[in-house]
2 protein chains.
Amino acid sequence: MITQMQNDILDTAQAMAQSRGFNGFSFRDLAAAVGIKPASIHYYFPTKGELGAALASRYTGRLVEILGDPSDGRLDALMARYIAVFRATLQDDGRMCLCGLMAAELDALPEAMQTEVARFVEANVSWVAAVLRAGTGLADGVEVRARARAIFAALEGAMLVARGSRDVAAFDAMVEVFTASGLIPNAKRVSEGQF
Amino acid sequence: MITQMQNDILDTAQAMAQSRGFNGFSFRDLAAAVGIKPASIHYYFPTKGELGAALASRYTGRLVEILGDPSDGRLDALMARYIAVFRATLQDDGRMCLCGLMAAELDALPEAMQTEVARFVEANVSWVAAVLRAGTGLADGVEVRARARAIFAALEGAMLVARGSRDVAAFDAMVEVFTASGLIPNAKRVSEGQF
DNA sequence: GTCTATAATTTGATAGAC
DNA sequence: GTCTATCAAATTATAGAC
């Protein structure tokens, strides 16, 4: 069971981690922003590593929930939904993807967090791969997962780069290039048999 | 003038920053790895922020030097050289791009470092854009820079994702998808007029 | 230039009152 | 549950001997 206070703490911690990195904020910063004392944070999350693992776990869970069934809808609608998730994160105070950022600092994180980051990556790759299979009729196998991984990576990179310029338009422009080049499939190309 | 000791310190600091993030190592860690005392680090770099700015600046300078003239060579050779720079970083003990990682933790870095990160991004985008102009005959303008930015972002994302699996082959597979899809141009496609 | 010594602050974390 | 009080360790940084 997740309490309201746990959620408040996680919300605030997530915002800080997404803008400063997991090692870029302290329990004191976090407590001050939430409006409680550092010792109270420890009551809910004994160690910072456990807080971080909970952060990443919730993040992945929410993504899976938002994305939903990868076979429910047309290819372009599903991809648009996927892209919208990344875009919304970036638009929300210029945040980087939480797990993308954790992947960057990976060696500085406790093992439990590293595992959660890997789960996030896998959730993305498997969902996009499922969309590609259902929407394009591509055969199963490494090839589809390789393409899914490339799409995921490109969007993570676009977030990373766009964050610097503090402009969501930069992200949109990169996504447009990904789509126009054929990396990210769209309905038009599929109907034309180019994908 | 850059002394030998300054270079040793920067080399070690760079390796640590690339695997743990800039906030993931201390002057104590750094000094121990170099084989000197923390106070001696301060002699060369008064503050950690100045060390970080020097790190990013040297990193960008080396990139520019390695890449060379963007109009000297064929399109596919130039792009191959560009990709090889990222690949070499990843292969070298599984490191993430220094400035890509700094871009992730951006809000936690002093302003001087943020400026250097922006310079790195600009160096990449302008070099790739120049290659695209010379090699594909594309007109100048926002469009070429948008494509260059997308290519840079995709490679940064590929490094980020590949680092998790500790396998350079994952990076190669993503680059292959980028190339096959047409995001990263190659000579064959250009000669066929598809780009 | 490199060190010892140390300051001043911050950090993650615990004990125990309420 | 939340707090005060506190800890031990780590952090960036400085002063000054050698």
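Below, chains carry the letters A, B, ... as their sequence lines are ordered, and counting in each starts from 1.
Side-chain polar atoms of B:R149 and B:N124 form no donor-acceptor pair below 3.5 angstrom. Donor-acceptor pairing under 3.5 Å is lacking for the side chains of A:D92 and A:T89. Side chains of B:R58 and B:N7: a donor-acceptor N/O pair is present below 3.5 angstrom, by distance only.
Considering only side-chain N and O atoms, A:S40 lies under 4.0 angstrom from the phosphate OP1 or OP2 of D:dC3.
In this view, A:F178 satisfies the ring pair (Phe, Tyr, Trp, His ring centres under 6.0 Å) rule with no residue, not counting sequence neighbours. In this view, A:F45 satisfies the ring pair (Phe, Tyr, Trp, His ring centres under 6.0 Å) rule with no residue, not counting sequence neighbours. Residues passing the side chain to side chain contact (heavy atoms under 4.5 Å, CB included) test with B:D69 are B:S71, B:D72, sequence neighbours excluded.
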Check nucleotides 9-13 of chain C against the protein and report each pair of N or O atoms closer than 3.5 Å, with its distance, or say if there are none.
{"residue": "C:dT11", "atom": "OP2", "partner": "A:S26", "partner atom": "OG", "Å": "3.3"}
{"residue": "C:dG12", "atom": "OP1", "partner": "A:K48", "partner atom": "NZ", "Å": "3.0"}
{"residue": "C:dG12", "atom": "OP2", "partner": "A:F27", "partner atom": "N", "Å": "2.9"}
{"residue": "C:dA13", "atom": "OP2", "partner": "A:K48", "partner atom": "N", "Å": "2.7"}
{"residue": "C:dA13", "atom": "N7", "partner": "A:H42", "partner atom": "NE2", "Å": "3.1"}

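The distance from atom NZ of A:K37 to atom P of C:dC18 is 18 Å, rounded to the nearest whole Å. Between B:E50 atom CD and D:dA13 atom C1' the separation is 12 Å, expressed in whole Å.
Shown for residues 8-21 of chain B: no residue has heavy atoms falling under 4.0 angstrom of DNA chain D.
Using a 4.5 Å heavy-atom cutoff, the side chains of B:M79 and B:P185 are in contact.
Between D:dT2, C:dT2, C:dC3, one nucleotide has an atom nearer to the side chain of B:Y43 than all others, and that is C:dT2.
Residue pairs meeting the salt bridge (charged side-chain N to carboxylate O under 4.0 Å, His left out) criterion with at least one partner in residues 171-180 of chain B, sequence neighbours excluded, are B:R87-B:D172.
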